[in-house]
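Data block below; observations after.
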Amino acid sequence: MRIERITLTLVRLPLVRTFRTSSSTKDAITHILVRVEDAGGATGWGECACPVDPYYCPETVETCWHILTNFLAPAALGRDWATVDELVALYARVKGNNFAKAGLEMACWDALARSQGRPLAALLGGTRTEIVSGVSLGIEREVETLFGLIDQYLDEGYRRIKLKIAPGWDVDVVRRVRERYPDVPLQVDANSAYTLDDIETLTQLDAFGLLLIEQPLAHDDIIDHVRLQAALSTPVCLDESIHSADDARKALDLGACRVINIKVSRVGGLREAKRVHDVCAARGVPVWCGGMHEFGIGRAANLAVSSLPNFSLPGDISGSDKYYREDLVEPPLLATRGAIAVPLGPGLGVEPVEGRIERHAVRTWKLGD
Ligand code: SMG
Ligand code: MG
């Protein structure tokens, strides 16, 4: 493979519903689409699913643009590679910046899979044909609003509910939700809103039969989480703290968590996501696929990686209609009875609709003739 042209498009889509977490509030999503053209004629698409603000992770969409245009795209352009390991080696000296790397790497995986006429899921070694989905519900003003949303998504067939929590929107809300929905698979995500000083609040959550408590403590911590996990019967799940398979190994060996949320973008791409999956699988630790409000391209990649066997918990990959009035790809990725089919076509198995991308484009950039 040799990438001869790279096109970036910054695309902004309004969200169907404002999404509030302990760390940010969003009513639209702006991601970078990466299109690569291979010398052999294959085209691939990737999505850089970074937030616009540095409140979930240190990167922002503009740092991704900077790193892609100045470092990653120039390092990959015009160079021969046969495997994704060889591709990644071309830009391995770029430290961190995982969201930026994931966008370019995804486009190259798509081009590679398309050049072989194979679905991306098959190339990754995936076995599942459909992915069981949950929904992630933001912080609302009133718990009754949350009840309405839970009713709606359970009616649509979604199989687990994730609630965002923050100080002031935690134990009482979870208690009321649990009273109203005694049997629903339920989990919570704090997005780093607590410290060990809050251990009493967090241990109260043990009473509600939660599947897991996601990222209660600092985004860059795995040490305090060890103490917290030892005090909780509910499994801790790490999200923000895990950037690589090595991070996963260290966190699990220390006892910082019992579950890992794998996000393709947070770990720098599909290759590393599979490595995190493998580290967890070898230890019998279940994983699930997290979400960053991906458009259809990133969502298709999430489905492909979730087809790996150890993605045994429901993911945050809801149907695109939960997020957007009209997504950027055909066919749209929708849930039926709470599950989404893994696309079977070549590559990501979805086709970006260029007219829609143009309509929502904020800015474009090209490298190569
Ligand atoms: O894609 O449904 C989705 C969003 C799922 O809650 C979600 N993601 O911490 O897991 C998480 C958040 C991060 C996105 S908000 C910045
Ligand atoms: Mg999370």
Side-chain angles (χ1 to χ4, degrees), residues 13 15-31 47-61 64 98-99 102 131-140 146 149 153 156 158-166 169 186-194 210-221 225 235-243 257 259-267 273 287-303 305-306 313-324 327 333-335 338 340:
L13 282 186
L15 279 168
V16 166
R17 181 180 184 82
T18 300
F19 190 77
R20 188 168 146 223
T21 73
S22 68
S23 57
S24 67
T25 303
K26 305 212 163 350
D27 51 25
I29 296 293
T30 305
H31 285 169
E47 178 172 340
C48 178
C50 193
V52 295
D53 46 39
Y55 305 147
Y56 165 82
C57 62
E59 292 178 80
T60 71
V61 76
C64 289
N98 281 355
F99 279 75
I131 306 306
V132 175
S133 292
V135 287
S136 172
L137 302 180
I139 294 168
E140 298 290 338
L146 195 56
L149 291 168
Y153 291 117
E156 287 178 25
Y158 284 103
R159 311 225 196 134
R160 75 86 169 111
I161 301 291
K162 161 166 144 180
L163 305 178
K164 291 292 181 177
I165 57 167
W169 184 266
L186 189 64
Q187 63 193 55
V188 296
D189 185 0
N191 289 106
S192 313
Y194 299 90
L210 301 177
L211 291 170
L212 54 89
I213 301 177
E214 186 178 340
Q215 197 69 38
L217 309 180
H219 75 99
D220 54 358
D221 169 77
H225 280 100
V236 169
C237 169
L238 290 180
D239 173 355
E240 282 91 327
S241 299
I242 304 297
H243 307 283
C257 62
V259 179
I260 288 183
N261 162 342
I262 296 183
K263 287 182 182 161
V264 172
S265 40
R266 198 193 65 234
V267 301
V287 303
W288 54 283
C289 187
M292 293 300 299
H293 300 107
E294 284 84 355
F295 304 152
I297 293 166
R299 193 166 301 280
N302 286 344
L303 290 167
V305 80
S306 299
L313 293 170
D316 274 350
I317 319 172
S318 320
S320 59
D321 54 339
K322 172 179 184 279
Y323 312 87
Y324 305 110
D327 198 356
L333 298 168
L334 299 173
I340 310 184

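Position 1 is the first residue of the sequence, and the numbers go up from there. Counting starts at 1 for both ligands and their atoms, following the listed order.
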Q. Backbone, side chain, both or neither: what part of Ile317 comes under 4.0 angstrom of ligand 1, heavy atoms only?
A. neither
Q) Are the side chain of Ser22 and the backbone N or O of Ala190 linked by a donor-acceptor pair below 3.5 Å? A) yes
Q.
Tell me the protein heavy atom at minimum distance from atom 8 (N) of ligand 1, and give that distance in Å.
A. Gly291 O, 3.0 Å
Q: Could you list which atoms of ligand 1 come closer than 4.0 Å to a heavy atom of Asp189?
A: 9 (O), 10 (O), 11 (C)
Q) Counting N and O atoms only, with roles assigned by atom type, does the side chain of Arg17 sit under 3.5 Å from a partner on the main chain of Tyr323, one being a donor and the other an acceptor? A) no
Q) Which atoms of ligand 1 have any heavy atom of Tyr323 under 4.0 Å away? A) 1 (O), 2 (O), 3 (C)
Q | Closest protein heavy atom to atom 12 (C) of ligand 1, given as residue, atom name and distance to 0.1 Å | A | Lys164 NZ, 3.2 Å
**Q.** Donor-acceptor under 3.5 Å (Tyr153 side chain, Leu137 main chain)
**A.** no
Q | Shortest protein heavy-atom distance from atom 9 (O) of ligand 1, along with the residue and atom involved | A | Asn191 ND2, 2.7 Å
**Q.** Lys/Arg cation over aromatic Trp288: Arg160, 6.0 Å, 45° cone
**A.** yes
Q. Closer than 2.8 Å to the Mg ion (ligand 2), which protein N, O or S atoms?
A. Asp189 OD2, Glu214 OE2, Asp239 OD2
Q) Touching ligand 1 at all, Tyr55? Heavy atoms, strictly under 4.0 Å? A) no
Q. Above 12 or not: heavy atoms from other molecules or residues under 6.0 Å from CZ of Phe19?
A. yes
Q: Search all heavy atoms of Ser23 against all heavy atoms of Tyr55 and return the closest pair with its distance.
A: O-CB, 3.2 Å
Q.
Against ligand 1, does Lys263 come closer than 4.0 Å with any heavy atom?
A. yes
Q. Out of Leu333, Asp327, Leu334, which residue meets the side chain to side chain contact (heavy atoms under 4.5 Å, CB included) rule with Asp321?
A. Leu334
Q) What protein heavy atom is closest to atom 6 (O) of ligand 1, reported as residue, atom name and distance in Å? A) Ser136 OG, 2.7 Å
Q | Contact list for residues 49-59, test salt bridge (Lys or Arg N to Asp or Glu O under 4.0 Å), sequence neighbours left out | A | Lys26-Asp53
Q.
Less than 4.5 Å apart, side chain to side chain, heavy atoms only: is that true for His219 and Cys57?
A. no
Q) Heavy-atom distance to atom 14 (C) of ligand 1: which of Met292, Glu240, Glu294, Lys26 wins? A) Met292
Q. Does Ser318 reach ligand 1 with a nitrogen or oxygen that is under 3.5 Å from one of the ligand's nitrogen or oxygen atoms?
A. no
Q | Glu214: numbered ligand 1 atoms lying under 4.0 Å from its heavy atoms | A | 10 (O)
(Q) Need the ligand 1 atom indices (1-based, order shown) with element for anything under 4.0 Å from a heavy-atom of Asp239. (A) 9 (O), 10 (O), 11 (C)
Q: Give the residue and atom name of whichever protein heavy atom lies nearest to atom 1 (O) of ligand 1, and the separation in Å to one decimal.
A: His293 N, 2.8 Å
Q | Any Gln215 side-chain heavy atom under 4.5 Å of His225 side chain | A | yes
Q.
I need the single residue from Leu313, Leu186, Leu238 that forms a side chain to side chain contact (heavy atoms under 4.5 Å, CB included) with Leu212. Which is it?
A. Leu313
Q) When you check the side-chain N and O atoms of Glu240 and Asn191, is any donor under 3.5 Å from an acceptor? A) yes
Q. Can any side-chain N or O of Arg20 pair as donor or acceptor with the backbone N or O of Glu140 at less than 3.5 Å?
A. no
